[in-house]
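Data first, discussion second: the structure below is written as structure tokens.
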Amino acid sequence: LGSFISAHETWGQHFIISWTPNMSRHQNGEEYRNPTEVKKSQIVMPCHANHRQELSVGELLKWMDSTACLSAERHAGCPCVTASVDDIHFEHTIGVGQVINIKAKVNRAFNTSMEVGIVVSCEDLFSDSHWRVCQAVATFVSQRTTGGKLRPLVPCTQAEQVEHSLAAERRRMRLVHSDIMKDLLTNKAFQQVEVQEAEKAVPAERTRVESVELVLPTHANHQVNTFGGQIMAWMENVATIAASRLCNAHPTLQSIDMFHFRGPSHVGDRLVLKAIVNNAFKNSMEVGVCAEAYQGEEPLRHINSAFMTFEIRDREGKPCMLPRIRPEPLEGRRRYQEAIARNKIRLDRKYIISCKQTEVPLSVPWDLSNQVYLSYNNVSALKMLAARNNWLLNSEKNKVSLYTLEEKQVLSFKVETEVDIPAERAFMLLSDLSKRVEWDPNYEWVSVCTHTPDSGGGGKVQDFILLASRRPPCDSGDPYVIALRSVTLPTHPPTEGYNRGEVLCAGFSILEISYFNQASPEVLPYISTDIAGLSSSFYGIFCACNTFLQENRGDHASTPQSQPPSSTLKSTQL
């Protein structure tokens, strides 16, 4: 049973799976390479560039898609097609004469689909400098004619173990992406948004673009399906024209939102591409693009829709102020309001998901629109700590082992043991935080509405506002996860008599029972005697936890697998 916590001013808990050994080199000494990894290097020529002698993003999207497709087909052993692409944020541009390096590999295989990770970097041959341009995650679906499931992908290194584990969480997030948008649009705050009229507002109809492309064999794969990257390149072209018309300047593409291909396109299709600026914010604008296909007199087929964010930059590379836009009536106003909602989601996703774990501030404000992304960050942090392979055994007593890990002035520790109880039952029992007081003497569960501080005693106690994210296994071999992290709620500000504590990451990862804690200096007084071997309080707590689970291991209770993943808010006291 394991608990892991990453804390600033406090400590918390979490369960974890045992780590996979680092296999960066084979036994014969050769450097390990993922068998699904595919690399592409290309010198940027003038024919690949735009008017600024920079690599066209459309060309880059084609190269990224084809490289990722080859990686997916290497694992599947059959043709594959692009199903979706997650958010892409472009960090730098690439000039003519520079080298673009693309690396793609399969992170995880599901029944018929695969997640492929893509990393794009740039190289200057004259200065020998390298920098990252962007990274992306694409989903490919196998076109196997014989049916059957894809063979599972076995991770062999710590990095592969982390990506393999996080792929399941990203998949959950993709499945609920459209529901998040619908829920946000039902929010009264967005329904009541008024179009701000301005004297020099640009009519949205002025930015409208429509273009038709004929799909030729050079645009298709060996199955005569149009390359997803080629469709994205055509969509980027019309979106750039629409953005240029807003302010009569050349725009720079900053990001592309997550999108899904609704259906295939084939050689001989006429692809109709439409774009329009939906809304303009202070320094950026959202352009909506739609791709539809037809042959002969058949009706239009919806292939894809995407939303791209552009900026206009001055000579120093700084974003310029953009003019306001006047939306068209009815549908135009709907797109105007939806763009505001998407901008909110876009900021949440970039702020919470795209940045590194150490860059995410504690106690991010919680609301319904960002709860999924906070949960993703919460669960991913826990799984990343679980995958670490450099823990040092500090002590062991009656099969309860204490491990420590020091890195970047952070002390982490893990207590590991085994409990004779089904993992799903332990998951259900530990999901109920109100029962933790039955085995943890350092913990008290309180109601966020009715609790008042105890006037007696010495110093102030610490309280928390935590977001709890529960995750049943995605596949056999995956752990059950109960992840916790601090958030802020306007309805529950810090109260007199308490020190508001903050937890960066905490929770349980249940497969084998291990307790993890990423401790700050404020936590050391609680754990130093255990680490020094002068105390065994952790051992006592784990024995109490073991007893609690054994006494409540009844087989008649419902299992968590019958319940959908959920996120709840609780206030706790240490």
Heavy-atom pair of closest approach, residues [X] and [Y]:
X    : Y    : answer
L246 : A280 : CD2-CB, 4.0 Å
I88  : L61  : CD1-CD2, 4.1 Å
V238 : S211 : CG1-CB, 3.8 Å
N225 : P264 : OD1-CB, 4.4 Å
A68  : I118 : CB-CD1, 3.6 Å
A339 : E286 : CB-OE2, 3.5 Å

Would you mind reporting whether [Y] and [X] have side-chain heavy atoms less than 4.5 Å apart?
X    : Y    : value
Q98  : W131 : yes
I102 : V119 : no
S121 : V133 : no
V481 : K383 : yes
L125 : D128 : no
E59  : L55  : yes
R52  : H250 : yes
E73  : P79  : yes

Taking atom [atom1] of [X] and atom [atom2] of [Y], what is their separation to the nearest 0.5 Å?
X    : Y    : atom1 : atom2 : result
R170 : L175 : CZ    : CG    : 13.5 Å
I231 : H219 : CD1   : NE2   : 11.0 Å
T36  : K105 : OG1   : NZ    : 7.0 Å
T139 : F261 : OG1   : CZ    : 11.5 Å
D124 : S129 : CG    : OG    : 4.5 Å
N34  : E163 : CG    : CD    : 11.0 Å

Show the atom names and distances, to 0.1 Å, of all donor-acceptor pairs under 3.5 Å that link a side chain in residues 287-296 to residues at least two apart or in another chain.
{"unit_1": "Q295", "atom_1": "NE2", "unit_2": "V267", "atom_2": "O", "d": "3.4"}
{"unit_1": "Q295", "atom_1": "NE2", "unit_2": "D269", "atom_2": "OD1", "d": "2.7"}

For the residue pair F427 and Y480, categorise the inter-ring angle as parallel (less than 30°), tilted (30 to 60°) or perpendicular (more than 60°).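 F427 vs Y480 ring planes: tilted.
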
I need the single residue from L214, I303, V212 that forms a side-chain contact (heavy atoms from CB on, under 4.5 Å) with L271. Which is it?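 Answer after filtering L214, I303, V212: I303.
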
Verdict with reasoning, V141 to C80, per side-chain contact (heavy atoms from CB on, under 4.5 Å): CA-CA 5 Å; V141 176; C80 298; over 6 Å; no

Donor-acceptor contact present, side-chain [X] to main-chain [Y], <3.5 Å:
X    : Y    : value
D65  : G229 : yes
K62  : Q230 : no
S113 : F110 : no
N50  : S56  : no
T207 : A242 : no
R132 : V120 : no
R262 : H302 : no
E311 : S284 : no
R144 : A76  : yes
S71  : E37  : no

Taking the six-membered ring of F307, is NZ or CZ of R342 closer than 6.0 Å to its centre and within 45° of its axis?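 Here R342 passes the 6.0 Å and 45° test against F307.
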
Pairing residues for E297 by the salt bridge (Lys or Arg N to Asp or Glu O under 4.0 Å) criterion, not counting sequence neighbours: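 Once residues adjacent in sequence are excluded, E297 has no partner under the salt bridge (Lys or Arg N to Asp or Glu O under 4.0 Å) criterion.
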
Counting only heavy atoms from other residues, nucleotides and ligands, does the tally under 6.0 Å from CG of L300 exceed 12?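 It does: L300 CG has more than 12 such atoms within range.
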
Which residue pairs satisfy the ring-ring contact (aromatic ring centres under 6.0 Å, His included) criterion with at least one member in residues 59-83, sequence neighbours excluded?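 Every pair satisfying ring-ring contact (aromatic ring centres under 6.0 Å, His included) with a residue in residues 59-83: H48-W63.
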
Worked verdict on I510 versus L430 for side-chain contact (heavy atoms from CB on, under 4.5 Å): CA-CA 10 Å; I510 306 166; L430 294 171; 4.0 Å; yes

Mind running side-chain contact (heavy atoms from CB on, under 4.5 Å) on L273 and E213 for me, showing each step along the way? CA-CA 8 Å; L273 303 139; E213 298 284 352; 3.7 Å; yes

For the pair E115 and R174, find out whether any cationic side-chain nitrogen is under 4.0 Å from an anionic carboxylate oxygen.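 Salt bridge: yes.
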
Check R335 with E338, please: is the shortest side-chain N to carboxylate O separation under 4.0 Å?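 Not counted as a salt bridge, because no side-chain N and carboxylate O are separated by less than 4.0 Å.
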
Please determine, by modelled atom types, if E236 and T240 share a side-chain donor-acceptor pair under 3.5 angstrom.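 Result is yes, a qualifying pair exists.
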
Worked check of side-chain contact (heavy atoms from CB on, under 4.5 Å) between Q143 and Q223: CA-CA 10 Å; Q143 301 291 289; Q223 297 184 89; 3.6 Å; yes

